Chemist: 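One structure is given below, represented as structure tokens, and several questions about it will come after.
On a predicted model such as this, the values are computed, not experimentally measured, just so you know. Both ligands and their constituent atoms are indexed starting at 1 by order of listing.
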Amino acid sequence: MDSAQDVERRHLLLHAAYDAASVRAMERPLLDDNVPLMRMAASATAQVAARMLDDVDVDLDHARVVLLAGAGDNGGDGLFAAAALAEEGAKVTAIAVGRALHDKGFAAFVRAGGKVLVLDPAADIAGCSAGFSAGEAGERLQAAIELAQRAHLIIDAMTGIGLVGPLRGIPATIAASLGMAPHDGDPSAPLPYRAATPNREPSGELPMVLAVDTPSGVGVDDGSLPGPYIPADMTVTFGAMKPCAVLPPATFACGRLELVDFGFDLDSRNPVVTAVGGEQAGEAIRLPHAMDSKYSRGVVGLVTGSARYPGAAVLTVRAASRANTGMVRYLGPERAQNMVLAAVPEAVLGKGHVQSWVVGSGVPEAAALKDGETDIQRETIARLLAHYELAVDATDDDPAYDMPPIVVDAGALDLLPGQVPPQVVVTPHAGELAKLVNRLRGDAPRVDDENADGAALDSAVLDPAGRDEPVSAADVLAEPLRYARLAHDLTGATVLLKGAVTIVVGESDMTLASGVAPAWLGTAGAGDVLAGMLGALLAQYDEDAEGVDADEYADDVASLAAAGAYLHGVAASIASESEQRGWQEPDVFGMTGRHRFNAIGHPIVASDVVKAIPDAIAELLA
Ligand SMILES: NC(=O)C1=CN([C@@H]2O[C@H](COP(=O)(O)OP(=O)(O)OC[C@H]3O[C@@H](n4cnc5c(N)ncnc54)[C@H](OP(=O)(O)O)[C@@H]3O)[C@@H](O)[C@H]2O)[C@@H](O)CC1
Ligand SMILES: [K+]
């Protein structure tokens with residue numbers, strides 16, 4: 001039986017991602033003990049490569065493999081792996097993209113009969129000719145690209161955790177030719193364009209790409225795509241996941257993840273981001289107590305839907321009432337009230353005591369109203385949100401902190417006050433987050449001012465791109481972590497940025513992510529369902545109740561929000577009968593693989609997700 005410590009370590013191994021500095025710190029004690037990490041990394045890489053070739057029925061004897069080898073240790077991993085494949089009979093060519101090659105890796109590769117093609121005329125690699133003309137350099141580059149395009153497998157070992165900034169020079173040219181590159185004047189590279197497959201199954205198209213540690217060129221620590229990179233079918237990563245393995249958009253360039261467990265002391269460092277797992281999400285569900293009543297199980301109040309979009313009222317109320325809550329109260333225009341009652345006779349109309357609020361889904365934003373037009377829902381929401389506004393010099397006993405948790409969605413986002421406590425959960429998608437940031441930045445404090453946590457906001461935080469232009473939805477999609485953090489810093493709210501991988505940034509330094517949902521969930525009303533579910537999960541916990549630690553409450557809000565996103569994703573998986581996910585936890589190298597189902601599933605509507613919520617809860621509690 002595994003000890004609690006083993007269980008906790010396994011959770012971190014499969015879900016937590018650490019920045020490059022932390023990975024190096026966790027490697028240190030092992031290197032000091034002469035643990036042969038590079039040999040372990042290379043051996044795993046070679047075995048994964050052989051498995052990929054076998055999966056497409058290519059014998060090693062007939063396999064054409066191209067290694068893209070950088071000058072650092074990432075290239076070293078690749079060279080030792082390539083040597084092992086050459087020894088097994090594969091025809092392997094190493095393309096040296098830098099000015100040097102890892103000495104011992106190079107020697108092993110040459111001993112195994114591998115060939116080397118040097119691209120940089122200024123390279124200094126023993127036994128390889130250099131100093132060739134610019135014309136010959138161009139020919140060599142072209143030959144290298146053609147060789148790679150004709151290969152069965154490309155092993156990408158140009159850069160790993162040693163990458164600084166976007167790829168430059170020859171590696172950049174290679175990545176742009178074989179993979180994806182920014183368009184002119186656009187700072188970020190586009191995403192790989194391919195269908196979402198179950199279990200991130202490789203497409204089977206040749207050449208396949210195996211990335212060593214990280215796909216070269218992706219933003220290792222922040223998950224961005226700052227320049228050219230080569231999308232991988234598989235990434236074999238060492239010691240621990242890096243943020244690029246979990247965070248969008250880089251995670252979509254990693255393909256399937258295989259993690260080589262070096263035995264790092266994962267507890268010794270704080271992860272940058274942690275993906276929510278089923279167990280963690282299950283813990284967010286409060287089991288009914290023997291003495292519970294509808295009130296003690298939590299009451300959700302909803303100010304959602306409008307005369308224009310009454311359907312959102314129905315979806316949010318149905319979702320909240322199915323997501324482990326005692327009762328829901330609904331406030332809204334008469335037509336929406338009637339529709340709510342028809343769909344959920346259990347709902348109670350009108351005001352009353354609640355343990356959480358959900359506001360804004362299906363409510364028009366100000367910009368959508370005609371001149372002079374008012375919306376009754378917006379007026380109610382504005383009055384409610386005023387209670388959440390923190391005084392400029394707020395102390396711990398500011399009354400805003402005593403308000404129940406509130407989910408601020410869609411049309412209510414433009415009513416959010418500047419500074420709010422962390423039990424305010426905002427749920428924008430990329431476009432809405434861009435608008436929120438632009439609005440708040442307009443009247444935001446500049447250098448030396450403070451945010452809700454009392455931390456100084458510098459102009460780099462306010463304007464991370466170092467420019468005054470408005471933030472666009474594309475900017476947020478390109479750097480979701482950065483902008484979710486910015487929105488949290490500007491508002492103090494817990495920020496849940498919706499996407500194929502949803503990101504939650506709250507009071508603690510740790511970012512949470514949930515990518516369990518299938519791509520089928522991108523459908524009208526899915527956000528309304530999430531808002532209702534979040535309201536329900538937040539209503540279960542009363543800060544003042546016995547057993548709830550007030551100090552941990554703020555962290556709990558982020559955890560509950562992330563658990564809500566996870567539960568929403570599981571419900572969508574059940575509804576669509578799909579094994580496809582935005583993010584999949586890694587396989588651990590050498591452990592017998594889990595049995596994988598490969599169901600692509602089928603399209604769904606948001607109402608299907610609502611129906612599946614109880615089964616999703618049962619699955620998490622099982
Ligand atoms: N430590 C260990 O024991 C273990 C480490 N392991 C492995 O080592 C990897 C880390 O190795 P590392 O530290 O040597 O860095 P690495 O990722 O090879 O990058 C450096 C190279 O990239 C280049 N380069 C950088 N930026 C660039 C740019 N923008 N554009 C273009 N080029 C750029 C840079 O060139 P330079 O700037 O020097 O000209 C240099 O050549 C790690 O990911 C894992 O795979 C495993 O074996 C396990 C044990
Ligand atoms: K790499």
Chemist: Other residues, nucleotides and ligands only: do more than 12 of their heavy atoms fall within 6.0 Å of CG on Asp59?
Modeler: yes
Chemist: Minimum heavy-atom separation for Gly70 to Leu101, with atom names?
Modeler: O-CD2, 4.0 Å
Chemist: Distance below 4.0 Å between atom 19 (O) of ligand 1 and any protein heavy atom?
Modeler: yes
Chemist: Hey, is atom 36 (P) of ligand 1 touched by any protein heavy atom at less than 4.0 Å?
Modeler: no
Chemist: For ligand 1, which atoms sit closer than 4.0 Å to a heavy atom of Leu163?
Modeler: 25 (C), 26 (N), 27 (C), 28 (C), 29 (N)
Chemist: Check each atom of ligand 1 against the heavy atoms of Arg24 and keep those under 4.0 Å away; list them by number with element.
Modeler: 13 (O)
Chemist: Would the number of heavy atoms belonging to other residues, nucleotides or ligands and lying under 6.0 Å from CG of Asp55 be above 12?
Modeler: yes
Chemist: Does Leu141 form a side chain to side chain contact (heavy atoms under 4.5 Å, CB included) with Thr173? I'd like the steps, not just the answer.
Modeler: CA-CA 9 Å; Leu141 184 66; Thr173 309; 3.7 Å; yes
Chemist: Within the 4.0 Å heavy-atom shell around Leu31, which atoms of ligand 1 are there?
Modeler: 3 (O)
Chemist: List every atom of ligand 1 that sits less than 4.0 Å from any heavy atom of Phe262, numbering the atoms from 1 in the order shown and giving each element.
Modeler: 48 (C)
Chemist: Quick one: CG on Leu481 to OG on Ser224, what's the gap to the nearest 0.5 Å?
Modeler: 9.5 Å
Chemist: Do me a favour and list the nearest non-hydrogen protein atom to atom 40 (C) of ligand 1 with residue, atom name and distance?
Modeler: Gly72 N, 4.1 Å
Chemist: When you measure from atom 49 (C) of ligand 1 to every protein heavy atom, which one gives the shortest distance, and what is it?
Modeler: Leu37 CB, 3.6 Å
Chemist: Which residue owns the protein heavy atom closest to atom 1 (N) of ligand 1, what's the atom, and how far is it?
Modeler: Glu27 OE1, 2.8 Å
Chemist: At what distance is the nearest protein heavy atom to atom 9 (C) of ligand 1, and which residue and atom is it?
Modeler: Asn74 N, 3.6 Å
Chemist: Heavy-atom contacts with Ala71 under 4.0 Å: which atoms of ligand 1 show up? List them by number with element.
Modeler: 41 (O)
Chemist: Could you check atom 32 (N) of ligand 1 against the protein and tell me its nearest heavy-atom contact, residue, atom and distance included?
Modeler: Thr159 CG2, 4.1 Å
Chemist: Which pair of heavy atoms, one from Ala157 and one from Gly78, lies closest together, and at what distance?
Modeler: CB-CA, 3.9 Å
Chemist: For Phe238, is at least one N or O under 3.5 Å away from an N or O on ligand 1?
Modeler: no
Chemist: Return the residue, atom name and 0.1 Å-rounded distance of the protein heavy atom closest to atom 42 (C) of ligand 1.
Modeler: Asp213 OD2, 3.2 Å
Chemist: Is the closest protein non-hydrogen atom to atom 11 (O) of ligand 1 under 4.0 Å?
Modeler: yes
Chemist: Going by the atom numbers of ligand 1, which of them fall below 4.0 Å from some non-hydrogen atom of Met38?
Modeler: 47 (O)
Chemist: Relative to the heavy atoms of Gly160, which atoms of ligand 1 are at a distance of less than 4.0 Å?
Modeler: 16 (P), 17 (O), 43 (O)
Chemist: Write down the atom of Leu496, the atom of Ala565, and the distance for their closest heavy-atom approach.
Modeler: CD1-CB, 4.4 Å
Chemist: Report yes if the side chains of Leu12 and Tyr18 come closer than 4.5 Å at any heavy-atom pair, otherwise no.
Modeler: yes
Chemist: Does the protein come close to atom 47 (O) of ligand 1 - that is, does one of its heavy atoms sit below 4.0 Å from that atom?
Modeler: yes
Chemist: Taking both backbone and side-chain atoms of Gly162, is any N or O found less than 3.5 Å from an N or O belonging to ligand 1?
Modeler: yes
Chemist: For atom CG of Asp186, is the number of surrounding heavy atoms from other residues, nucleotides or ligands below 6.0 Å larger than 12?
Modeler: yes
Chemist: So, for Tyr566 and Ala281, which heavy atoms are closest and what is the spacing to 0.1 Å?
Modeler: CD2-CB, 3.5 Å
Chemist: Should one rank Leu167, Asp77, Val164 by closest heavy-atom distance to atom 45 (O) of ligand 1, which comes out on top?
Modeler: Asp77
Chemist: Does Pro166 come within less than 4.0 angstrom of ligand 1, counting non-hydrogen atoms of the residue?
Modeler: yes
Chemist: Name the one of Asp261, Asp265, Asp267 that satisfies salt bridge (Lys or Arg N to Asp or Glu O under 4.0 Å) with Arg9?
Modeler: Asp261
Chemist: Do Asn199 and Gln584 get their side chains close enough for a donor-acceptor pair, meaning under 3.5 Å?
Modeler: yes
Chemist: Check contact between Met40 and ligand 1, using heavy atoms of the residue and a distance below 4.0 angstrom.
Modeler: no
Chemist: Could you grab the protein N, O or S atoms closer than 3.4 Å to the K ion (ligand 2) for me?
Modeler: Asn74 OD1, Asp156 O, Thr159 O, Val212 O, Thr214 O, Ser216 OG
Chemist: Checking a contact table here: which protein heavy atom is nearest atom 28 (C) of ligand 1, and how many Å away?
Modeler: Arg168 NH2, 3.4 Å
Chemist: The test is side chain to side chain contact (heavy atoms under 4.5 Å, CB included); show your working for Val471 and Tyr483 and say whether it passes.
Modeler: CA-CA 9 Å; Val471 176; Tyr483 287 106; 3.8 Å; yes
Chemist: Go through the structure and list residues passing side chain to side chain contact (heavy atoms under 4.5 Å, CB included) with Ala41, not counting sequence neighbours.
Modeler: Asp77, Phe238, Phe262
Chemist: What do you reckon, is CD of Glu279 surrounded by more than 12 foreign heavy atoms closer than 6.0 Å?
Modeler: no
Chemist: For atom 14 (O) of ligand 1, find the nearest protein heavy atom and state the residue, atom name and distance (0.1 Å precision).
Modeler: Asp73 N, 2.8 Å
Chemist: What do you reckon, is CZ of Arg10 surrounded by more than 12 foreign heavy atoms closer than 6.0 Å?
Modeler: no
Chemist: Taking all atoms of both residues into account, what is the closest heavy-atom pair of Leu259 and Pro586, and its distance?
Modeler: CB-CB, 4.0 Å
Chemist: Over all heavy atoms of both residues, which pair between Ala430 and Ala473 is shortest? Give the atoms and the distance, please.
Modeler: CB-O, 3.9 Å
